[in-house]
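As the structure lists them, so they are numbered: ligands from 1, and atoms in each ligand from 1. All of these numbers come straight from a predicted model, not from anything done at the bench. Start at 1 with the first residue, then count along the sequence.
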Amino acid sequence: MTMDEAAPKECFVCAKHQGTTLMPGGPVWVDELVVVSHLSPRAPGAPGEVYLGHLFVEPRRHAPGLPDLADAEAQSVGRWCARAARALRQVAGAEHVYAAVIGDSVPHLHVHLLPRYPGTPREYWWDRVDEWPGAPRGGEAEAASLVEQLRASAH
Ligand SMILES: [Zn+2]
């Protein structure tokens, strides 16, 4: 199976993997099967400023969802979810890391990893964690700086 045969041009995730403009600071980590990146302030629906630490773990191949992963891809996705969560705790100070697969609008698997920072009020936990007004947010430069620190951290 080649990547080309299953990479529709209009897929946002496939397009993102082709370049770096939608990955602030570049990919956080990559291996032969998976790309880990930070939410881009240029992504559709992102308001120019993003919740810092909102990461994605994505297979390179255009696999729509978890049931479509080959075993090796699943192992790599799981490993990078754990490593990225560990880095968010160590580098960004997350007290907890949420993981979710939603995929209602982009049919290329992307596991959302969302840190919860200390002090987040209970009413913002889980799916509103990035709406807390006190949450750390930033544009391209702040996201890229966090990515650099995450990348440099041991995993
Ligand atoms: Zn794709």
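- Val30 shares a hydrophobic cluster with Met23, Val35; the chain of contacts runs through ILVMFWY side chains whose heavy atoms sit under 4.5 Å apart.
- Using cut-offs of 30° and 60° for the angle between ring planes, the Trp126 and Tyr98 rings count as tilted.
- The angle subtended at the Zn ion (ligand 1) by SG of Cys14 and SG of Cys11 is 120°, given to the nearest 10°.
- Rounded to 10 degrees, the ND1-metal-ND1 angle spanning His108 and His62 at the Zn ion (ligand 1) equals 110°.
- Nearest heavy atom pair, residue Leu52 against residue Pro115, reads O-CG, 3.8 Å.
- Taking backbone and side-chain atoms together, His17 has no N/O/S atom less than 2.8 Å away from the Zn ion (ligand 1).
- For the side-chain hydrogen bond (donor to acceptor under 3.5 Å, both in side chains) condition, the pairs that include at least one residue of residues 34-52, sequence neighbours left out, are Lys16-Ser37.
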